[in-house]
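The structure displayed is predicted, hence computed values, not measured ones.
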Amino acid sequence: MTTPPGNHAALLARRARVLAPTYRLFYEQPLQIVRAEGVWMYDDSGRRYLAEQPLQLAEELLATLPRELDSVIFTCTGSEANDLAVRISKAVTGGSGFIVTEFAYHGATEVIAGMSPEDGRPLGPGVYTVAAPLGADGAAAFGERVGRCLERMQADGVRLAAMLVDTIFSSDGVVADPRGFLADAVRKVHEAGGLFIADEVQAGFGRLGEAMWGFARHGIVPDLVTMGKPMGNGHPVAAVAGRAGVFAGFAKGGSYFNTYGGNSVSCATALAVLQVIRDENLLENARRSGEHLMRGLRGLAQRHTAIREVRGAGLFIGVELGANAASGRSGAAETRRVVNGLCRRGVLVGSTGRDGNVLKIRSPLTLELQHADLLLEALDQTLQSPE
Ligand SMILES: Cc1ncc(COP(=O)(O)O)c(C=O)c1O
């Protein structure tokens with residue numbers, strides 16, 4: 001949708017509808033700047049569309065999110081988006097306590113590094129951890145752990161602000177199942193007066209195949225959704241989506257200013273990404289290729305005892321490897337060997353998880369079945385190879 005030039009009232013109404021109340025107008029009579037040259041900027045003629053880019057992006061993003069989430073703030077990185085979500089949750093709940101998973105990674109700012117224990121970093125003040133649901137955990141286990149964590153916080157006199165979770169638990173070792181296991185934990189967080197922040201920096205934009213967002217797998221509606229990484233397919237653009245009411249609570253304390261957040265170039269990039277996801281039917285491709293890959297990996301697990309478990313959804317897959325009894329290598333050493341063996345065979349994957357023994361397979365969403373077969377063949381060869 002574009003607004004005809006000069007119709008400032010319509011443009012302002014669009015802006016109020018989708019951008020959070022943390023945004024302030026600079027002038028009493030807002031300008032629609034559409035062109036700049038030297039020291040001069042021009043309004044309402046020529047390249048009019050550039051000024052509308054952030055609105056169009058906010059509208060298109062919100063169309064992919066649950067109806068309750070009706071407002072957006074743009075940032076440049078996932079770390080900034082999480083940092084902002086943390087500030088918002090403190091402001092609107094009055095709490096200062098946070099729950100994250102034991103091996104989470106959420107970003108690089110001072111505050112968010114304190115919520116990212118992945119590399120053994122010390123936790124920030126008021127940050128508590130719960131173990132991600134791995135191993136034999138049933139659907140109820142995660143909720144029970146969050147319940148016990150809330151009791152600990154209460155005993156310590158810490159009021160909850162939010163639980164912040166990467167919805168595919170990437171650095172915890174990739175956890176997608178049992179489907180819906182987040183719901184009970186989120187209910188408990190809400191009962192305790194906290195917000196639920198879904199970090200979609202890894203899982204978002206269709207990677208899990210069946211939906212645009214990882215939280216959809218759990219049948220929940222987050223209070224805040226942070227996104228980044230795939231949003232610009234390499235270009236730095238990120239955002240927080242939420243309810244206008246929640247943002248309004250935060251906006252009482254002042255506006256949020258971010259020089260490059262929501263700039264026209266970044267918004268145009270993110271719009272192009274959304275368009276490619278739609279035009280090339282990439283969700284369906286992620287689902288189809290992901291299922292094929294997962295089936296192939298489970299087939300390999302029948303023949304290679306090194307594979308302990310295959311987890312994930314769509315094109316976000318974790319393959320947990322065990323220690324190799326014959327060679328005496330630990331699970332982590334075996335995983336390093338396989339990562340390098342795959343690299344020599346032209347397949348690039350990473351490793352993750354608390355014990356460093358999970359192959360992290362996140363191929364481009366354009367992966368086709370024939371490419372998945374190449375990956376499976378390379379993994380088969382690498383696992384068979386003695387060195
Ligand atoms: C789950 C998750 N959240 C947040 C971030 C931080 O994003 P950025 O590196 O864009 O600051 C990352 C980065 O890897 C991530 O994996």
Side-chain angles (χ1 to χ4, degrees), residues 64-69 99-104 130-147 149 163-191 196-227 230 241 277 282-299 301 307-320 352-354 358-363 365 367 372:
T64 70
L65 284 158
R67 198 191 309 260
E68 292 89 332
L69 307 179
I99 300 176
V100 297
T101 52
E102 264 180 5
F103 216 65
V130 289
L134 280 166
D137 273 358
F142 189 70
E144 283 162 15
R145 277 202 288 276
V146 168
C149 183
M163 177 169 78
L164 168 63
V165 160
D166 162 4
T167 57
I168 189 64
F169 296 82
S170 167
S171 51
D172 283 285
V174 185
V175 192
D177 294 309
R179 194 184 276 274
F181 71 77
L182 266 172
D184 185 37
V186 169
R187 188 180 52 77
K188 289 189 165 105
V189 162
H190 283 155
E191 279 169 10
F196 171 57
I197 308 168
D199 180 339
E200 293 286 341
V201 170
Q202 288 275 352
F205 290 88
R207 175 155 291 281
L208 303 196
E210 55 200 57
M212 269 291 276
W213 308 105
F215 63 78
R217 197 173 173 79
H218 295 276
I220 49 178
V221 178
D223 300 290
L224 295 168
V225 176
T226 58
M227 60 190 83
I277 290 174
L282 292 186
L283 257 74
E284 171 56 16
N285 191 64
R287 191 195 59 73
R288 199 166 52 104
S289 295
E291 269 176 20
H292 181 77
L293 196 49
M294 195 87 92
R295 238 190 333 272
L297 289 167
R298 295 210 161 110
I307 299 183
R308 275 220 290 238
E309 196 174 26
V310 180
R311 300 189 287 266
L315 286 174
F316 207 127
I317 299 177
V319 180
E320 185 174 319
T352 188
R354 174 207 303 261
V358 180
L359 297 172
K360 182 168 56 174
I361 304 177
R362 292 171 304 178
S363 74
L365 298 193
L367 190 89

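Between the side chain of N285 and the main chain of L365, a donor-acceptor pair closer than 3.5 Å is present. Not one N or O on the side chain of T101 forms a donor-acceptor pair closer than 3.5 Å with the backbone of A132. For R207 (side chain) and S363 (main-chain N/O), a donor-acceptor pair under 3.5 Å exists by modelled atom type. S171 contributes a side-chain N or O that, together with a main-chain N or O of F103, makes up a donor-acceptor pair within less than 3.5 Å. Of the possible polar contacts, none joining the R217 side chain to the T167 backbone as a donor-acceptor pair under 3.5 Å is found. Checked by atom type and distance alone, the side chain of W213 pairs as donor or acceptor with a backbone atom of T64 at under 3.5 Å. Side chain of E200 to backbone of F215: a donor-acceptor contact under 3.5 angstrom is found. The backbone N or O of F181 sits less than 3.5 Å from a side-chain atom of H218, completing a donor-acceptor pair. Judged by distance alone, with hydrogens and angles left aside, the side-chain atoms of S289 form a donor-acceptor pair with the main-chain N or O of L367 at under 3.5 Å.
Here the straight-line distance linking atom CZ of F142 with atom CG of L182 works out to 5.5 Å at 0.5 Å rounding. Summarising the geometry, atom CZ belonging to R287 is positioned 13.5 Å from atom CG belonging to L282; distances are rounded to the nearest 0.5 Å. One distance of note links NE2 of H292 with CG of L297; it measures 10.0 Å at 0.5 Å rounding. Going from atom CG of L359 over to atom CD1 of I317 covers 11.0 Å, rounded to the nearest 0.5 Å. The CE atom of M212 sits 8.0 Å away from atom CE of M227, with the distance rounded to the nearest 0.5 Å.
Salt bridge status for R145 with E102: absent, with no side-chain N to carboxylate O gap under 4.0 Å. One finds no salt bridge joining K188 and E191 here, because no Lys/Arg side-chain nitrogen approaches an Asp/Glu carboxylate oxygen to under 4.0 Å.
The side chain to side chain contact (heavy atoms under 4.5 Å, CB included) test with I168 is passed by exactly one of V201, L208, D199, V175: L208.
Scanning both residues, P222 and A198, for their nearest heavy atoms gives CG-CB, 3.6 Å.
Open room surrounds CZ on R354; 12 or fewer heavy atoms of other groups in view lie less than 6.0 Å from it.
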